[in-house]
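Chain letters run A, B, ... following the sequence lines, proteins first, then strands; residues in each count from 1.
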Amino acid sequence: MSDETLLAARGLVVRYGSTDAVRGVDLEVRRSEVVGLIGPDGGGKTSTLRVLAGLLRATAGEAEAFGADTWRTRRALHHRLGYLAQRFALYGDLTVDENIQFFALMYGVPAWKVRRTELLELVGLEDFRSRLADRLSGGMKQKLALACTLIHSPEILLLDEPTTGVDPVTRREFWRLLADLVGEGLTLLIATPYLDEAERCTRVLLMHDGRILADARPQEIPDLMPGSIVEVTAEQRTRAAEILAEIENVADVSVFGNTLHVRVEGARDPVAVVRTALGDSGVPVEGARPIPAGLEDAFLYLTRSPEPEVLMEASS
Amino acid sequence: MSGATAEGRHPAREIVVSASELTRTFGDFVAVDHVSFEVARGEIFGFLGSNGAGKTTTIRMLCGLLRPTSGKGTVDGFDIATESAAIKTRIGYMSQKFSLYTDLTVDENLRFWAGTYRVWGREFERRRDWALAVTGLETRRQALVADLPGGFRQRLALSCALLHEPPVVFLDEPTGGVDPEARRDFWDLIDDLSEGGVTIFVTTHSMDEAERCHRVALMHAGKLLALDTIPRLKAVFPEGSVLELECADAARAVEELENLSEVVDAALFGDRLRAVVESPEAAATIERSLVAAGFGPVTVNPVAPSLEDVFIRFIHEAEEAESS
């Protein structure tokens, strides 16, 4: 049951005029997964979601939901799939209750009143049922939009950057809400530019420039690149960076606040390599310790590889 | 931790931005409540908090755009309440969205900003050449800004904000959504500026950006809750108090985990769980409890707290203190 594929794309291409937004994407989303489509703006995330939701026709390639072409079966698909767009449409001059009612009637949901009450409790809006949508805070509007998107009890929910520009407290609350939905059996495909949200997913698709650069479980992210990362703290940070960049085993140096992240390749003891190099040059080291590579490190490595297509297979 | 000042890394620490008991009310609403901090020359200072926490109001006061109700502040030695005209020449401001005219060329944008900052003649040419060099746009001076990739736009916006060589620059979520390569180039530039003595004041919701700052301040409900370097902020979680768990059916186990007395906070992370515990000894108890509840096999590993964990903790503590 849990291996059932709900969404699949093969060789997916989306072209707007002369611009290729999506350039040959292969992906799968299986039941009960929380898949993060993670990458910078303009990388093709929204176009990919829209094709998978049956809202946009692919230029080339295949996109399937529940085993059928998403465009051809889009009417039926919309009863099984929810899509939360980045700019969601609520009726500002309708109340919370009325907004959900509108979506319930549009989808022809039977016995929607019970479902509405459940959803309002879930998103924590039960005390605001008669408030106009325009008079809700930003975070509450988003919760209302989520409730509207779920009124027809979809099996899979596609979310386009629900946490962009959202403060850390609201963001954490939103992820808690999503976790509750996952607990009820909902499958999620969620687009985000925040690399640190990878940890929230069961699987991550790293997307850049219309392509999927990597497909991995969060625990596998450090394995996406060779070598290991050493975090170095040194008073003479700039000088330390210059010295380390010249060392043979050092593949990359980047500044992170008061520290340096140094990627060391082909060395048995990466910390010793760093300490020796800086010690030899008389640069005092306050600290040097191995840290797990993050998605940003992986992204930088992958976008600099000569052949970004040759990457990890989907983990199973 | 109001009034916090971290010990400087450098003995001769010159203060460029200061706030002392800074307060601003709008009617009955206290937007900024006795906020005190100091920012040193060359420091990259992160300013974080929820929407409505008082960040924007604080920055507007520091920029001389809004008078404090009480308290004092200085920017580059000038008083924010009485010398706002001088302050406006001592600061630069860049936000991701509004700084550039996309239907003007690179040259035209530089000329426009130089004009608003009253940088003319030879001085303008010198600063324009600097801006073109640091952005890597020497060969694209006639390009429309609309046609530039995001990373170039970001650096151009920053250099426009620095044409008049202000000692302090305010950045509003400068690299949200840009690709890591461009973000890194941008922060390399920030780091060079900081080394050169420019003070950088960054407001952001992005933890990826906050991690790049030398010190980070957290505001909540008008108050300054925390101010320190990132390693020291993360040290509010003792070693072993943030755990990652793998178990069967994590989506359902989270509720079981939440109800354990040892667990302060629990959340689902993909098909794993995160728990914050009071003491490292809790790991063994948690493992036994989850196995007993039928979620075995269970593995528990300590992990480093994220900056988000840190902030949520400070905010929860502040809210609890308020309600008790």
Q: With a 4.5 Å cut-off on heavy-atom pairs, point out which of A:Gly183, A:Pro193, A:Ala179, A:Cys201 contacts chain B the most.
A: A:Cys201
Q. Do you see a donor-acceptor pair shorter than 3.5 Å between the side chains of B:Ser306 and B:Asp309?
A. yes
**Q.** B:His205 and A:Val166, any side-chain heavy atoms less than 4.5 Å apart
**A.** no
(Q) Measuring only between side-chain heavy atoms, which start at C-beta, is A:Arg171 closer than 4.5 Å to A:Tyr194? (A) yes
Q.
Out of A:Glu197, A:Glu184, A:Arg176, A:Glu199, return the one with the most heavy atom pairs under 4.5 angstrom to chain B.
A. A:Glu199
Q. Which class fits the ring pair B:Phe201 and B:Phe45: parallel under 30°, tilted 30 to 60°, perpendicular over 60°?
A. tilted
Q: Could you tell me which of B:Arg274, B:Glu195, B:His316, B:His214 has the largest number of non-hydrogen atom pairs under 4.5 Å with chain A?
A: B:His214
(Q) Report which part of B:Glu181 has an atom under 4.5 Å of a heavy atom belonging to chain A: side chain, backbone, both, or neither. (A) both
Q) Quick one: what part of A:Ser254 sits under 4.5 Å from any heavy atom of chain B, side chain, backbone, both or neither? A) both
Q. For B:Asp271 and A:Arg217, what are the C-alpha separation, side-chain angles and deciding distance, and is it a salt bridge (Lys or Arg N to Asp or Glu O under 4.0 Å)?
A. CA-CA 10 Å; B:Asp271 43 19; A:Arg217 289 174 23 101; 2.9 Å; yes
Q: With salt bridge (Lys or Arg N to Asp or Glu O under 4.0 Å) as the test, would you mind laying out the steps for B:Glu211 and B:Lys234 before giving the verdict?
A: CA-CA 11 Å; B:Glu211 292 268 1; B:Lys234 287 186 174 175; 3.2 Å; yes
(Q) Between A:Val34, A:Asp196, A:Val182, who has the most heavy-atom pairs with chain B when the cutoff is under 4.5 Å? (A) A:Asp196
Q: Report yes if some heavy atom in the side chain of A:Ile38 is under 4.5 Å from a heavy atom in the side chain of A:Leu195; otherwise report no.
A: yes
Q. By a 4.5 Å heavy-atom criterion (distance strictly below it), what part of B:Ile230 contacts chain A: side chain, backbone, both, or neither?
A. neither
Q: Please state whether the side chain, the backbone, both or neither of B:Glu43 comes within less than 4.5 Å of a heavy atom of chain A.
A: neither
Q: Starting from the C-alpha separation in whole Å, work towards a yes-or-no answer on side chain to side chain contact (heavy atoms under 4.5 Å, CB included) for A:Asp252 and A:Tyr301.
A: CA-CA 9 Å; A:Asp252 198 40; A:Tyr301 172 73; over 6 Å; no
(Q) I'd like to know whether A:Asp20 forms a salt bridge (Lys or Arg N to Asp or Glu O under 4.0 Å) with A:Arg23, so could you lay out the CA-CA distance, the side-chain angles of the two residues, the decisive distance to 0.1 Å, and finally the verdict. (A) CA-CA 6 Å; A:Asp20 280 357; A:Arg23 309 164 180 246; 5.2 Å; no
(Q) Which atoms of B:Glu244 are under 4.5 Å from chain A, going by heavy atoms: the side chain, the backbone, both sets, or neither? (A) side chain
Q) Between A:Glu231 and A:His261, is any pair of side-chain heavy atoms under 4.5 Å apart? A) yes
(Q) At under 4.5 Å between heavy atoms, what parts of residues 153-164 of chain A are in contact with chain B? List them by residue number. (A) none
Q.
Please classify the contact of B:Ala253 with chain A as side chain, backbone, both or neither, using a heavy-atom distance under 4.5 Å.
A. neither
Q) Between A:Phe299 and A:His208, is the ring centre distance below 6.0 Å? A) yes
